[in-house]
There are 2 protein chains.
Amino acid sequence: MRKLDPVKHEKKRQEILGAAMRCFLRSGLKGASTAEICAEAGISPGHLYHYFDTRDAIVAALIEGRLEKVTEQLKAGIQGARSIVETLAPELEGQPGGAAAMALIFDMMAESKRNPEMGKIVNSHNRGIREILVEMLRYGQSRGEVEAKLDLEVAATTIMALMHGAKVVAMQNPKEAGKAMPVLRQLLVHLLMTPMESAGAEPPRAKKTVARARS
Amino acid sequence: MRKLDPVKHEKKRQEILGAAMRCFLRSGLKGASTAEICAEAGISPGHLYHYFDTRDAIVAALIEGRLEKVTEQLKAGIQGARSIVETLAPELEGQPGGAAAMALIFDMMAESKRNPEMGKIVNSHNRGIREILVEMLRYGQSRGEVEAKLDLEVAATTIMALMHGAKVVAMQNPKEAGKAMPVLRQLLVHLLMTPMESAGAEPPRAKKTVARARS
DNA sequence: CAGTTGATAGACCGATTACTCCAGTTTAAA
DNA sequence: TTTAAACTGGAGTAATCGGTCTATCAACTG
């Protein structure tokens, strides 16, 4: 008999995934066809299905891989000796891959809302990232870098919002976004160091509170 | 001879656009086929092309319409007597249409990076929205609601980042996002009322300014 | 070497794609 | 009423889609 080499198999798999990523970056998550992927990978159409059951399986593997990468980067950041702000600041800036990479991320997010299978993957990793952020914040509290009374869960969600928002403007208008980055960073600092009441403290739903800070 | 009725024609056009929007919400910007749109609109496939040259023309018209709507809403907000924070707060919350509407927005943003034609449309309207924000901020300065030294262009970009970020988390995790909303709102207040030097001036890197208002 | 099995290619499939063509109907000006 | 343009429906287009099938090749085992 003959035994298959799982290492080689996995290597080829990753090779195809790399080609697929290039195609998705170029043509979008729905725009890249299996034919395009095969051409980029230099394999025949039939051969593709020796490594992936369906086209969706490729997409799923790719999303999973990308999110794992982000998770690892954050984890590496938390272990480094840098402050939280320093760790998160790069995330506030543009994606390394540029606009195409961000466009692909938006494709993924949109897709995760329509394809339940990928929704599960994305949600799971989102939870993972938030947990890492919470851990990071907790560590920050122990160092006095983060306000002790801060609701870490809510803060983590807010930080994710800041990161995503930064990505959007970085994609749409890199020039202006560059200037806005330091401001976002200051907002992050403010968030970490200010005792905020996340909920409950807005019963004064005054409709007439128009003129506020007229000091 | 006979002349065509431009009013009736336009009405039917809008009708088809409405059907197309429902399809795009359901199946995504690339996922909805012309056949699906025709079925939803109750017309024959051939008939569709009496009103639109190509499928992309439908998408373009739809993007344009949606962005115009957002622009109008913001403009309406600025003319109302409410404060800036009150005007922008709804934008920080979820989209009325829910997750599907947000997913579609992400589709549009991603598409605008790949299709230059739509990139032009989206960029143009983004500029418009930022101008409205700047105008709003300037008015806020005249009322003392906004710090006088604030760089309005940069602030507007930052606000757009906050709004987009809020949309993302609202889509991915509506529950947590609801709790994070008041925090984002506080960040917005902080942004408007704090004299921020967008660049260069961040040497007061006070690391020990943790305890502030403990009242 | 023989035999088995993974690796690979490419023809091929029905379904679907955006889109076209044309014939029939309606409409209103001439 | 005549007539021609506008409206409408739906069959039909070539191309492409994701995916299957089979045949050949290559490599390892006995």
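These values consider heavy atoms only, across backbone and side chains, with no hydrogens, waters or symmetry-generated copies. What you see is a predicted model, and the numbers here were worked out from it, not measured in a lab.
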Starting from C1' on D:dG18, measure out to CD on A:E36 and report it in whole angstrom.
14 Å
If the cut-off is 4.0 Å, is B:S33 near the phosphate of C:dT17, judged by side-chain N/O to OP1 or OP2?
yes
Applying side chain to side chain contact (heavy atoms under 4.5 Å, CB included) to A:E64 and not counting sequence neighbours gives A:E68, A:I121, A:H125
What string of B, S and - do you get for nucleotides 10-15 of chain D 5' to 3' if you count protein non-hydrogen atoms under 4.0 Å?
BB----
Between A:R127 and B:E176, does the salt bridge (charged side-chain N to carboxylate O under 4.0 Å, His left out) criterion hold? Intermediate values first, please.
CA-CA 11 Å; A:R127 268 195 301 274; B:E176 282 294 321; over 6 Å; no
Between the side chains of B:E147 and B:T194, does any donor sit under 3.5 Å from an acceptor?
no
If you assign B:H50 and B:R55 each to the DNA chain C nucleotide with the nearest heavy atom, which residue ends up on the more 5' nucleotide?
B:R55
Take atom NZ of A:K12 and atom P of D:dA27, then tell me their distance rounded to the nearest Å.
13 Å
Tell me which of A:D53 and A:G31 sits closer to the 5' end of DNA chain D, going by the nucleotide each one is nearest to.
A:G31
Using whole Å, what does the distance between atom C1' of nucleotide C:dG10 and atom OH of A:Y49 come to?
14 Å
Can you check side-chain contact (heavy atoms from CB on, under 4.5 Å) on B:Y51 and B:L17, steps first, answer last?
CA-CA 10 Å; B:Y51 297 93; B:L17 277 180; over 6 Å; no
Between D:dT16 (C1') and A:K30 (NZ): distance, integer Å:
16 Å
What is the separation between atom NE2 on A:H9 and atom P on C:dG6, rounded to the nearest whole Å?
10 Å
Quickly work out the A:I16 CD1 to C:dA9 P distance and round it to whole Å.
10 Å
From CD1 of A:I37 across to P of D:dT16 the rounded distance in Å is 16 Å
Taking C-beta and beyond as the side chain, do A:T157 and B:V183 meet within less than 4.5 Å on heavy atoms?
no
Where do B:L184 and A:A161 come nearest, in terms of heavy atoms and distance?
CD1-CB, 4.2 Å
Need one value for B:L48: base, sugar-phosphate or nothing, where a base atom within 4.0 Å counts as base even if backbone is also close, heavy atoms only.
nothing
Within this structure, what is the NZ-to-P distance between A:K8 and C:dA7, rounded to whole angstrom?
7 Å
Pair B:Q14-B:E10, side-chain donor/acceptor within less than 3.5 Å:
yes
Side-chain atoms of B:T34 come closest, of C:dA18, D:dT8, C:dA7, to C:dA18
Tell me whether the OP1 or OP2 atom of D:dT8 has a side-chain N or O from B:Y51 closer than 4.0 Å.
yes
